[in-house]
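Worksheet for the structure shown next.
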Amino acid sequence: MTLSIPENLEKVRQLISLYQEMYARNDTPVQLIAVSKTHDADAVKTAFQAGQMQFGENYLQEALEKIETLKALPLVWHFIGPIQSNKTRAIAESFHWVHSVDRLKIAQRLNDQRPESLPPLNILLQVNINEEDSKSGVTLDTLETLASEVNALPRLKLSGLMAIPTATNDSALQRQNFHSLRVARDKLVLAGFTSCTHLSMGMSNDFEAAIAEGATMIRIGTDIFGPRIPARDRL
Ligand SMILES: *Cc1c(COP(=O)(O)O)cnc(C)c1O
């Protein structure tokens, strides 16, 4: 049986509370970001009507269409996909959070293009936690340098770290990866990056491990909206 979006949301919320309890993480608020990529504005609206305000998108063009369609609603938009330089202006103008900054050039452009009428853009640095060549993300050994550079940009607010570890069903390995991100975050805070507090980690397949390791934001798509819709089947 497939559940509706409101039922799925309720289930995910209950699991978040359960895991916070199980792993003694009740002191760490966990924000649920509903990843609506490939799903249409109606799906986002249905989730909003069930109390969801934070949404994550990967693909700029489809995101901009949804943001425009739903601009009357008080939604908070998170950009979580890879960023090409020619996309930074629209991201800086339309999003509240960006989770996927992994190089200075992109950060500089977002800073320069963030409209003065808006508050500084919240930035998470994407870390390539498993040091995979194919993955985006800054490596752990250059993270602090990038953090310093981003911290110096006045139109950005360095707000935390994000990672997409190598997919695995081994929960011990999931926790190990998330733990590395947490250690990196703790080091930055100790080094004086006091606003760098968020840990964006955990997706449908591994958010239990992420909460166990102190996630403050989890990014859930499939468990809320169902399987992603292939481009050819979208309206
Ligand atoms: C698609 C995506 C998600 C959501 O993944 P699910 O497995 O569907 O929950 C989370 N984070 C990023 C960066 C994504 O691209």
Side-chain angles (χ1 to χ4, degrees), residues 2-16 19 30-40 43-44 46-47 50 52-64 66-67 75-84 87 91 95-103 106 110 122-130 132 134-138 159-171 173-174 177-178 180-181 185 198-213 215-231 233-234:
T2 51
L3 298 177
S4 66
I5 290 170
E7 288 168 319
N8 287 339
L9 267 172
E10 189 46 38
K11 208 169 126 187
V12 171
R13 289 181 188 133
Q14 283 174 6
L15 285 173
I16 293 172
Y19 298 149
V30 178
Q31 294 180 42
L32 172 59
I33 298 171
V35 178
S36 41
K37 63 170 179 239
T38 82
H39 299 280
D40 62 15
V44 174
T46 302
Q52 181 65 29
M53 309 254 300
Q54 318 251 351
F55 292 88
E57 289 281 344
N58 288 54
Y59 308 114
L60 185 63
Q61 201 48 48
E62 71 157 286
L64 292 176
K66 283 177 246 185
I67 292 171
L75 306 180
V76 179
W77 292 98
H78 299 249
F79 193 82
I80 62 175
I83 307 175
Q84 295 146 306
K87 304 285 169 66
I91 293 171
F95 283 81
H96 304 88
W97 291 78
V98 181
H99 294 223
S100 40
V101 171
D102 65 359
R103 55 194 197 278
I106 295 295
L110 290 170
N122 295 296
I123 299 293
L124 306 182
L125 301 180
Q126 183 173 349
V127 181
N128 186 351
I129 209 78
N130 304 105
E132 290 174 281
S134 59
K135 278 259 177 80
S136 4
V138 58
S159 303
L161 304 180
M162 180 272 237
I164 312 172
T166 313
T168 169
N169 287 320
D170 177 341
S171 58
L173 211 54
Q174 291 173 352
N177 287 328
F178 293 138
S180 312
L181 194 70
R185 190 270 320 261
H198 278 286
L199 282 175
S200 167
M201 57 189 197
M203 308 181 14
S204 294
N205 193 40
D206 56 12
F207 70 97
E208 177 176 354
I211 290 172
E213 294 298 338
T216 67
M217 294 179 168
I218 59 171
R219 309 178 310 268
I220 307 293
T222 312
D223 279 3
I224 294 172
F225 295 106
R228 287 189 255 295
I229 301 173
D233 296 336
R234 283 179 230 159

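Remember, it's 1-based here, ligands and their atoms both numbered in the order they're listed.
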Which word best sums up how the rings of Phe79 and Phe95 line up, parallel for under 30°, tilted for 30 to 60°, or perpendicular for over 60°?
-> perpendicular
For Gln174 and Thr168, test the side chains for any donor-to-acceptor distance below 3.5 angstrom and give the result as yes or no.
-> no
Check each protein residue for a heavy atom under 4.0 Å from ligand 1 and list those that pass, ordered by chain and number.
-> Val35, Lys37, Asn58, Ile80, Ile164, Met203, Ser204, Arg219, Ile220, Gly221, Thr222, Arg228
Verify whether one side chain among Glu132 and Thr166 offers a donor that lies under 3.5 Å from an acceptor in the other.
-> yes
Among side-chain atoms of Gln84 and Lys87, is any donor-acceptor pair under 3.5 angstrom?
-> yes
Not counting sequence neighbours, which residues clear side chain to side chain donor-acceptor pair (under 3.5 Å) with His78? List them please.
-> Gln54, His99
Could Lys11 and Glu7 be called an ion pair, given the rule that one side-chain N must be under 4.0 Å from one carboxylate O?
-> no
